[in-house]
Amino acid sequence: MPGTPIVLLHGFPLDHRMWTDVAARLGGERRVLLPEIPTSADRLAEVGPTLDDAADRIADQLAAAGVRRAVVAGLSMGGYVALALLDRHPDLVAGLALVDTKATADAPEARERRLAVAAEVERSGTVDAVRGMVGSVLGETTRTARPEVGERVAAWIDAQPPARVAWSQRAMAARVDRTEVLRRYRGPVTVVVGDEDTVTGVDAAEELARVADAQLVVVPRVGHLSAVEDPGSVAAALAELAQRVDRG
Ligand code: MLT
């Protein structure tokens, strides 16, 4: 009997490739899906950039793929989308993994910064304004000991269409606080964080785990991109969660 499928939602400013090393370790009998967070321009005029719309479209994609219930795992922006899925499509979420992320909305200054970055990316027609993130999303140990990881992440960032980067910033700026949605959830939750994450650090993860009554996994010597920096540890945490879901 195949296990509950796992859906892996990527962070910003990246795409599904950030999960490929984790997905390779999960496979087996279990379906693992790596959707892009949908941002296509065709619907922008109708709905504007929101992660709620992205979540609705992922729910549609999963339904079309025959997935009615899944373990949903999201890293950072992917976590915001996972919480939007939980809020808007609760029957879909059989278990939840929140990886280097948070449930709160942006403070006004952070929102302003995002809107400024979106405007700059559109003005320049490049991703220059977010290229520097490669320095902040990787942990100190990875940056110093494994420069090839930084090169890989930089190449992923460079490959992002500027319109997608601008869309994501505006959508993240518009997101709402989902702490209470998470608190009400009764399914199994795992919170994962790199102990060198300086974007959404261990304190934030401990608070998230407390709210969700979740299992907390702190991955040593990695930063905000724990799933890229140590895919083995993150895959093990997700596999354990999926087994809990399968056991009911
Ligand atoms: C991410 O990794 O997805 C970003 O750090 C999310 C954010 O900008 O809040």
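When a ligand or atom number is given, it counts from 1 through the structure's own listing order. As the structure is a prediction and not an experimental result, all values here were calculated from the model.
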I'd like to check which ligand 1 atoms, numbered from 1 as shown, lie under 4.0 Å from a non-hydrogen atom of [X].
X: Tyr80; result: 6 (C), 7 (C), 9 (O)
X: Gly11; result: 3 (O)
X: Met77; result: 1 (C), 3 (O), 6 (C)
X: Met172; result: 6 (C), 7 (C), 8 (O), 9 (O)

Practice prompt. Measure the distances from the heavy atoms of Lys102 to every atom of ligand 1 and state whether one is below 4.0 angstrom.
Written response: no
Worksheet entry | Residues Asp197 and Thr200: side-chain donor-acceptor under 3.5 angstrom | yes
Discussion item. Side chains of Thr4 and Asp246 only: does a donor on one sit below 3.5 Å from an acceptor on the other?
Written reply: yes
Note the single closest protein heavy atom to [atom], along with its residue, its atom name and the distance in Å.
atom: atom 8 (O) of ligand 1; answer: Arg114 NH1, 2.9 Å
atom: atom 4 (C) of ligand 1; answer: Ser76 OG, 3.1 Å
atom: atom 3 (O) of ligand 1; answer: Phe12 N, 2.7 Å

Practice prompt. Can you spot which of Arg175, Arg111, Arg170 makes a salt bridge (charged side-chain N to carboxylate O under 4.0 Å, His left out) with Asp106?
Written response: Arg175
Worksheet item: Out of Asp128, Val127, Thr126, which residue meets the side-chain contact (heavy atoms from CB on, under 4.5 Å) rule with Asp158?
Response: Val127
Practice prompt. State whether Arg244 and Glu240 are salt-bridged, where the test is any N-O pair (Lys NZ or Arg NE/NH1/NH2 against Asp/Glu carboxylate O) under 4.0 Å.
Written response: yes
Item to complete: Answer yes when Arg164 and Asp15 have at least one side-chain N-carboxylate O distance shorter than 4.0 Å, and no when they do not.
Response: no
